[in-house]
Every structure is written in C-alpha cells, then in structure tokens.
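Have a look at the structure below before the remarks.
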Amino acid sequence: MSTGYVYHELYGWHDTGTHAGLLPADPRRGLQPFRHFENAEAKRRVHELVVATGLVDRLTRLAPRPATDEEILLVHTPGHLARLVAANDTGGDAGDGGSPFGPGALDIARLATGGVIRAAEAVVDGEVDNSYALVRPPGHHALSDVGMGFCMLANIAIAVSAVRASRGVERIAVVDIDVHHGNGTQAAFEDDPNVLTVSVHQDRVFPPDSGFVTERGTGAGHGYALNLPLPPGTGNGGYLEAMRRVVLPALHRFRPDLIVVAAGFDANPVDPLARMMVTAGGYRQIGRMLLDAAAELCDGRIAFAHEGGYDPVYVPFCAHAVIEVLAGVEQPFEDPFGVNFDNQGQQELQPHQETAIEAAEKLVAEIG
Ligand SMILES: O=C(CCC1CCCC1)NO
Ligand SMILES: [Zn+2]
C-alpha cells in the first residue's frame, strides 16, 4: 500500500494573527489578545507526530506546487482572486472578517490548494494508492466569490474540478467529516450530478445557517448533496452509525471513480470550536470504512485533504490514526488519551442521534 503525503513548512507560516479578526483586543471590552484558533500548532504537530513515530518513513512524500490562476478560476470568480492578489502585500481578510491573513498568504494558500491537487492527481495517476494532504489554510467553507470560516481558497472544490478537467475523472464523491458543514464544497457542485457531496457535521455550529438535511442540491444536482447534521455530544457510536447507514450506502449508490475526504478532526472531545466526542479510535474506524469503500468502488482511489481541528494536543493523534490506516499500518500507535475519551459517558449511539441519522438515511435511495 503506497500512501502519498503532502506537507510543506510554509503551511505553518500562514499568519492568522492574534485577534481572529472579529474580536480584536480591546481593554474597553475586556478583550485580551488571543491567538486565532486557526493557527499553525495543531497541524504542525500532526506532521511532527507523523515524523516522530516513524510513520513518515512508510509514506511517499509528494511535493506541493502552487495552484495556478486557471485552476483557481475553475471555482472562484476573478473578483475573489483579484481581491486576494491585491491584499497579498499587505495582508487582509478572506472575506467574512474572521479569516485574517498576513502578507504573502495567497502564496501559501495557493500551495495548500496545489497540495490537494497534487494528492488527488497522484491517486488518479496511480502514482500512489491513496494520499493525505496535510495542508493549511483549510478550504471547505470558501465560496466562489468570498472566503469564510478561515478559508481563502476552496482547496477540495478546486482539486476536484482540476482532476476532472485534466484527467477526465467523471464521478467524484466528496465526504466531509469536518465537524463544520462543508458549505463551500457543496455550493461549488450544487447543480452537478457527477459530484456527490456528503457532509456529516454538528448541527448549525458553522455556518449557523447551513448544513440542513433538506439541502439536497439544485437542478440536475438535486439528490447529490447529502447533509447529516448531528446533535452536540455525538461520539463514536453516532458517527460510526452515520457512516454505516448514510455515508457508505450513499457511496455505493453513487459509485464514484474517486473519493475525496475533507478530513477535519474538530469533532474530537476537546476541540474549542465544536462539542462532539469522536476519538482517535473513532477516526481510525471512519478512515478504515472509507478506505474499504474506495477499495470496493474505485480501486482504492481515495485522497484526504486536511481541514479543521484545533486542539494542538489531541488532533495529532486523530489525524495520525487515519494516516496509519491509509498506509496499512498493522500495529497502530496508541492514543494515550483513549483510555479516557473512549469511555466517556454516552459514547454509544443515543436515540436523538438515531433520529437525525434516520432523516438522512431516507434520502440515500434518491441517489441515482
Ligand atoms: O473549522 C472550521 C472553522 C469553524 C469556525 C469558523 C468561525 C467559527 C467556527 N471549519 O471547518
Ligand atoms: Zn471545522
């Protein structure tokens, strides 16, 4: 099993500052400076754990390249790109006021997008069996004409569009396991029946007005967007049931030529930006299920792109667990927090979670 791995030190240099844009330090409001949640720590520490455990030696390093204007414009408007170009010398914000960036951030964002393109291309070309792009900044919230939710460019939507254009890949499924709704990816392919977007997320945590089970896609794309908003507190039991009863059946009905995973790890029990309880062991099982689906449906072609996940201590163990699955590691590295997190109360499936799962499960049959 060969697993491509994308990482670049410049991803750690993306400067999101100390006030997250929306809440600058202001003694009059009692606001002290605080490091933006989307800082380098959690992602840099994923890489460091991958190196420290020796897992990196089982991976095939793929060097990222900057996404071109042409690739970016497959998804984004010229105006969005122009705004980012204009702010690249001074720094600015991706668009929603809460996604600040420093000088040169567009160069790093291009490298993140290009890293996901590289990871997807390498899988489609058979250079590797599967891949993991540990990139920053993230991308799944970025819309065609505006960035948001810490995202400047729609990494996955651009990569999907790029491999369709350059390699003629017909049907692509994007499974978003980030705890926040993959609104940007969904919007990019809203009316396209050849791209299935499936998002499993905490109900209305972000964006607060999207990710409802009633969002199904539009026009010819109706039925090819699937959303499963789960209640706060959902843990391994609820997520694995969601995988078994919604995500995997949807993939089997859609029969993709390639699976792309928006791999956010902010559904972990100690993440500052959500309230779920998925552990490294839970993520390992999710990764296993997705890899097995790829083996059954599309000769194992699956590419993961890192999205959110902000706890610098625990996210590394969650991402490491998934990368181990991709690399076919038989003896997984032990999660030192598992003894606590795996046994927290209500880790097993709860009735109100089952209700949410049933609502999405009913819609799977409509995938043509
Ligand atoms: O991890 C993220 C970013 C979520 C935050 C964006 C503003 C408040 C919550 N999206 O996947
Ligand atoms: Zn997230």
Side-chain angles (χ1 to χ4, degrees), residues 1-14 16 35-64 108 111-112 115-116 118-119 128-138 150 155 177-179 236 239 261-274 276-288 290-291 302-342:
M1 185 73 79
S2 62
T3 297
Y5 178 66
V6 174
Y7 181 72
H8 195 291
E9 278 64 23
L10 280 177
Y11 297 149
W13 295 17
H14 173 52
T16 50
R35 195 160 58 162
H36 193 288
F37 288 110
E38 207 291 317
N39 59 66
E41 270 311 283
K43 295 164 188 181
R44 182 184 288 140
R45 287 160 66 103
V46 170
H47 176 65
E48 293 195 359
L49 185 62
V50 166
V51 171
T53 64
L55 176 56
V56 72
D57 301 326
R58 298 188 55 158
L59 307 176
T60 303
R61 199 72 183 259
L62 302 174
I108 301 173
L111 204 59
V116 178
R118 178 78 178 94
V128 293
D129 296 309
N130 55 55
S131 61
Y132 195 95
L134 178 57
V135 298
R136 183 172 175 260
F150 312 156
N155 299 335
I177 60 171
D178 187 287
V179 79
N236 293 339
Y239 264 77
V261 181
F265 295 93
D266 32 16
N268 76 72
V270 286
D271 202 273
L273 292 182
M276 300 303 226
M277 296 177 11
V278 181
T279 69
Y283 280 114
R284 184 187 312 283
Q285 292 183 76
I286 291 169
R288 177 80 267 158
L290 290 169
L291 192 66
I302 189 166
F304 286 66
H306 200 92
E307 289 283 352
Y310 303 96
D311 181 77
V313 175
Y314 197 54
V315 163
F317 292 102
C318 297
H320 188 277
V322 167
I323 300 170
E324 281 187 315
V325 168
L326 294 182
V329 170
E330 298 78 19
Q331 298 298 325
F333 194 79
E334 185 183 351
D335 165 15
F337 300 89
V339 66
N340 301 98
F341 292 165
D342 286 327

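Computed over heavy atoms, backbone and side chain alike; hydrogens, waters and symmetry mates excluded.
Side chain of Asp311 to main chain of Pro269: no donor-acceptor pair is present (N/O by atom type, distance under 3.5 Å, no hydrogens or angles). Proximity of a side-chain donor or acceptor of Asp271 to a complementary backbone N or O of Tyr310 within less than 3.5 Å is detected. Put simply, the side chain of Asp178 gets close to the backbone of Gly308: a donor and an acceptor are under 3.5 Å apart. Judged purely by atom type and a 3.5 angstrom limit, Asp129 has no side-chain atom pairing as donor or acceptor with the backbone of Thr3. Put simply, the side chain of Tyr239 never gets that close to the backbone of Ile177: no donor and acceptor are under 3.5 Å apart. In terms of modelled atom types and a separation under 3.5 Å, the side chain of Glu324 and the main chain of Leu55 share no donor-acceptor contact. A donor-acceptor pair under 3.5 Å links the side-chain atoms of Arg136 to the main chain of Glu38, judged by distance alone. Between the side chain of Ser131 and the backbone N or O of Ala119 there is at least one donor-acceptor pair closer than 3.5 Å.
The minimum heavy-atom distance between Val179 and Ala274, with the atom names listed, is CG1-CB, 3.4 Å. When all heavy atoms are compared, the tightest approach of Gly12 to Arg44 is O-NH2, 3.1 Å. For the pair Ala262 and Glu307, the tightest heavy-atom approach, listed with the atom from each and the gap, is CB-CG, 3.9 Å. The minimum heavy-atom distance between Ala42 and Pro316, with the atom names listed, is O-CG, 4.1 Å. Taking every heavy atom of both residues into account, Val6 and Pro64 meet most closely at CG1-CB, 3.9 Å. Listed here is the closest heavy atom pair of Pro137 and Asn155: O-ND2, 3.0 Å.
Considering only heavy atoms from C-beta on, Val315 stays 4.5 Å or farther from Arg45 through its side chain. A heavy-atom distance below 4.5 Å is not found between the side chains of Leu134 and Tyr11. Contact annotation: the side chain of Leu290 approaches that of Ile302 to within less than 4.5 Å [non-hydrogen atoms, C-beta and beyond]. The shortest side-chain heavy-atom distance between Met1 and Asn130 falls under the 4.5 Å cut-off. Taking the side chain as every heavy atom from C-beta outward, Tyr7 and Arg61 approach each other to under 4.5 Å. With contacts defined as side-chain heavy-atom distances shorter than 4.5 Å, the pair Leu291/Leu326 qualifies. Residues Thr279 and Phe337 fail the side-chain proximity criterion, which asks for heavy atoms closer than 4.5 Å. Between Pro138 and Lys43, some side-chain heavy-atom pair lies under the 4.5 Å cut-off.
Between atom NE2 of residue His320 and atom OG1 of residue Thr53 there is a gap of 3.0 Å, rounded to the nearest 0.5 Å. Here CG of Asp342 is found 10.0 Å from CE of Met277. Values are rounded to the nearest 0.5 Å. We find the CZ-CZ distance between Phe333 and Phe317 to be 6.0 Å, quoted to the nearest 0.5 Å.
Checked by atom type, the side-chain pair Tyr5/His47 shows a donor-acceptor distance below 3.5 Å.
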Residues Val278, Asn268; criterion side chain to side chain contact (heavy atoms under 4.5 Å, CB included); working and verdict:
CA-CA 5 Å; Val278 181; Asn268 76 72; 5.9 Å; no
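Between His306 and Phe265, the two ring planes are tilted [angle within 30° to 60°]. Ring-plane geometry between Phe341 and Tyr314 is classed as perpendicular, the angle between the planes exceeding 60 degrees on a 0 to 90 degree scale with a lower cut at 30.
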